[in-house]
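Quick notes on the structure that follows.
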Amino acid sequence: MDLSLVPLTELERRLREGERGPASAKATELLLALAKVYHAEGMVRVGSVQVSGVSFHNLGDPGLDFLEEWARSSARAARLVATLNPAGMDLERWEEMGVDPGFARKQLRIIAAYEAMGIGSGLTCTPYLAGNLPLLGQHVAWAESSAVTFANSVLGARTNRHGGPAALAAALTGMAPFHGLHLDEARSPDLRVEVTADLFEPFHFGLLGAFIGMEASGALPYIILSAHGNGPKERAPDLACLKALSAALPTFGARPMFHIQGFTPEAHLHQPPEPCLRFGPKELERTSASLNDPVDRVDLVCLGCPHAALDEIIAVSDLMGQRRAKITFWLATSRAVFELARGAGLVGSLEDRGVMVIRDTCFVVAPLSGRFHSVATDSAKGCYYGRGHNRLKVRTLPLEQCVEAALTGRAG
Ligand code: F3S
């Protein structure tokens, strides 16, 4: 990749001379304005973009009009890997999900507009599991907060958290303003987090992320998992745990990056900062309590926030055993992982046991208001937005308890 910066004067010259059409000119103008706001010295070329602003639930008619206007004006993606964030429905099974046909028509128009611009694939918040996998040191322009945090922290790629229009502009031009987390100095931690609670599964890592975000808004944490000996139970976080932490941290207020001592790729470049936060059993319990509404029954169970990896689908299948869900049970994943799971016979057998494996969407960006009242999930991020976007009562529980809730409708 060419790491030389494109000077802002070069963009201004392109605009004066007339860009490759009105959409490209608008995209360049938008990036130029952002670069000036953030005092960026230039633009960095990006090889990968992840675009948010896909669900009609979030975009509404103004967003749809905006995208169709850009598609009509011949906007086309640059030569790079560009994927989309989840839509408001499974593109094939929206009727089974109970999505209104009027909503579905508009959602499909949004997808068509993106496809016309050459950005048609993905529909996932885990693009790194679906072919959009930047590596250490690569500059990218991603939008979805959990994916941005995962890219910066776990992959060691470099991206700020872009808004939907800015990510679209990056996809069209192949550039992003060079500031913030593209720079070494912005990737230094400013808070040491000593973890003494036992963290076994994604649920616990989600609580850790929520706690840091709530206690130290704006922090970039350096996490020490073995601070006071998690003892024999201590283990390295797996992919699902890292996804959960990446999702919760920025949702609750932290910056979209973390280091884990001895584990993430840039942690060795830094010393643990002085300011310190401790996350022990009491903090874990307190955070868990704050993410649970006082309901003892749920009418929906949703897993896969962020979208489930294959091993998480296997874990759900194992926990279900031969039993069958009694209430609506959605397990969300990407189209790419869905195909792997289908090939392994997991999708069919889960569906036989009442688990609907949904693609392209999740319970936060799908229109659920009024259809369900209370949900069980193992995701701290899912709790935050389930309460906000879809006005649901939420039980945030370990995976096994979510599965039990699906079997009985009782939650904790
Ligand atoms: Fe992904 Fe939806 Fe959660 S976009 S991170 S599954 S809220």
Side-chain angles (χ1 to χ4, degrees), residues 50-59 83-91 97 99 107 110-111 114 121-130 132 142-154 159 161-164 167 202-203 205-207 209-210 213 239-252 254 256 291 300-309 312-313 316 329-338 356-369 372 375-392 394 396 399 402:
Q50 198 253 359
V51 178
S52 68
V54 182
S55 171
F56 181 69
H57 189 45
N58 299 337
L59 284 178
T83 49
L84 294 176
N85 218 28
M89 62 189 201
D90 185 313
L91 297 193
M97 289 180 69
V99 172
Q107 182 63 73
I110 288 170
I111 303 297
Y114 276 121
S121 58
L123 296 173
T124 180
C125 49
T126 56
Y128 43 86
L129 299 179
N132 189 351
W142 285 15
E144 151 60 31
S145 65
S146 70
V148 166
T149 309
F150 191 95
N152 280 317
S153 315
V154 181
T159 176
R161 181 179 172 182
H162 293 270
F203 164 74
F205 278 83
L207 295 184
L239 171 63
C241 294
L242 294 166
K243 287 199 294 119
L245 179 58
S246 298
L249 264 177
T251 296
F252 287 86
L291 299 183
L300 177 66
V301 171
C302 285
L303 300 174
C305 173
H307 275 172
E312 294 172 274
I313 297 177
V316 173
F329 186 172
W330 289 348
L331 173 55
T333 190
S334 63
R335 210 156 257 271
V337 171
F338 180 94
M356 187 172 177
V357 186
I358 57 172
R359 298 152 292 188
D360 314 323
T361 189
C362 75
F363 78 101
V364 167
V365 294
L368 300 186
S369 272
F372 297 98
V375 62
T377 179
D378 65 344
S379 167
K381 175 175 178 176
C383 170
Y384 183 93
Y385 286 111
R387 281 170 169 170
H389 281 201
N390 274 319
R391 290 184 231 113
L392 294 162
V394 183
T396 311
L399 178 62
C402 288

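Please read all numbers here as calculations on a predicted model, not as lab measurements. In each ligand, atom 1 is the first atom listed, and ligand 1 is the first ligand listed.
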[X] side-chain N/O to [Y] backbone N/O, donor-acceptor pair under 3.5 Å:
X	Y	result
Q50	T124	yes
T361	A87	yes
S379	C305	yes
N390	G386	no

> Within less than 4.0 angstrom of ligand 1, does S145 place any heavy atom?
Replying inline: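 The answer is no, since S145 has no heavy atom less than 4.0 Å from ligand 1.
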> Do M97 and W330 have side chains that get closer than 4.5 Å, going by heavy atoms?
Replying inline: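 Heavy-atom side-chain distance check passes, below 4.5 Å.
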> Do the non-hydrogen side-chain atoms of T396 and K381 ever get within less than 4.5 Å of each other?
Replying inline: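 No, side chains not in contact.
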> Any idea which atoms of ligand 1 are less than 4.0 Å away from a heavy-atom of E144?
Replying inline: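 Here the atoms of ligand 1 in question are 5 (S).
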>> Can you name the atoms of ligand 1, numbered from 1 with element, that are less than 4.0 Å from a heavy atom of G304?
In response: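 Those atoms are 6 (S).
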> Near atom 2 (Fe) of ligand 1, which protein N/O/S atoms are found at less than 2.8 Å?
Replying inline: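 Listed by chain and number: C362 SG.
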>> In terms of relative ring orientation, are H389 and H57 parallel, tilted or perpendicular, with 30° and 60° separating the classes?
In response: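 Perpendicular.
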